[in-house]
Amino acid sequence: MGPDYMWMGGFMWLFPMIILVFLIIIGVLLYSRSARHYSSDERSSKTAEDSALEILKKRYARGEISRDEYEQIKKDII
């Protein structure tokens, strides 16, 4: 066991540690991305509901639909 062994043995732990840190970073990024995607799905459904209600209100305000139609569609949306 000469000086070459110490040189290689001293740096052989570095490669697995770099891979481990890299895998941890990738895991955290994937987890945060999936969490963000899940929360955006909830927000988009609320936004779609709000936008449908806004469209309904605009149609009623323009006189395109009657009050009865407005109330029925509103019940269906909500």
Side-chain angles (χ1 to χ4, degrees):
M1 299 197 170
D4 291 336
Y5 177 76
M6 291 301 288
W7 179 256
M8 291 301 288
F11 287 104
M12 289 304 287
W13 64 270
L14 187 61
F15 184 67
M17 290 302 287
I18 291 172
I19 290 175
L20 181 64
V21 169
F22 182 69
L23 290 175
I24 289 172
I25 291 171
I26 288 176
V28 168
L29 291 174
L30 289 174
Y31 176 76
S32 67
R33 184 176 182 188
S34 67
R36 194 173 348 126
H37 179 68
Y38 178 73
S39 66
S40 69
D41 285 346
E42 290 177 353
R43 273 188 268 126
S44 67
S45 67
K46 286 185 177 184
T47 305
E49 182 179 307
D50 291 343
S51 66
L53 193 56
E54 290 299 316
I55 292 169
L56 179 64
K57 288 178 182 178
K58 288 178 184 177
R59 288 186 64 199
Y60 179 65
R62 287 191 298 250
E64 294 178 9
I65 57 175
S66 68
R67 181 167 178 83
D68 293 333
E69 289 173 320
Y70 172 79
E71 292 297 330
Q72 182 59 42
I73 296 170
K74 186 177 175 183
K75 285 181 188 176
D76 292 343
I77 291 174
I78 298 173

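Considering CD of Gln72 and CG of Leu56, their distance stands at 11.0 Å, rounded to 0.5 Å. The CZ atom of Arg67 sits 5.0 Å away from the CD atom of Glu71 when rounded to the nearest 0.5 Å.
The minimum heavy-atom distance linking Leu53 with Lys74 is given by the pair CD1-CG, 4.1 Å. In terms of heavy atoms, Lys57 sits closest to Tyr70 at CG-OH, 3.8 Å.
Residues meeting the side chain to side chain donor-acceptor pair (under 3.5 Å) test with Arg62, sequence neighbours left out: Glu64. Every residue two or more places apart in sequence or in another chain was checked for a side chain to side chain donor-acceptor pair (under 3.5 Å) with Asp68, and none qualifies. Residues satisfying the side chain to side chain contact (heavy atoms under 4.5 Å, CB included) test with Ile25, not counting sequence neighbours, are Val21, Leu29.
Under the 4.5 Å side-chain heavy-atom criterion for ILVMFWY residues, a single connected hydrophobic cluster contains both Phe15 and Leu23.
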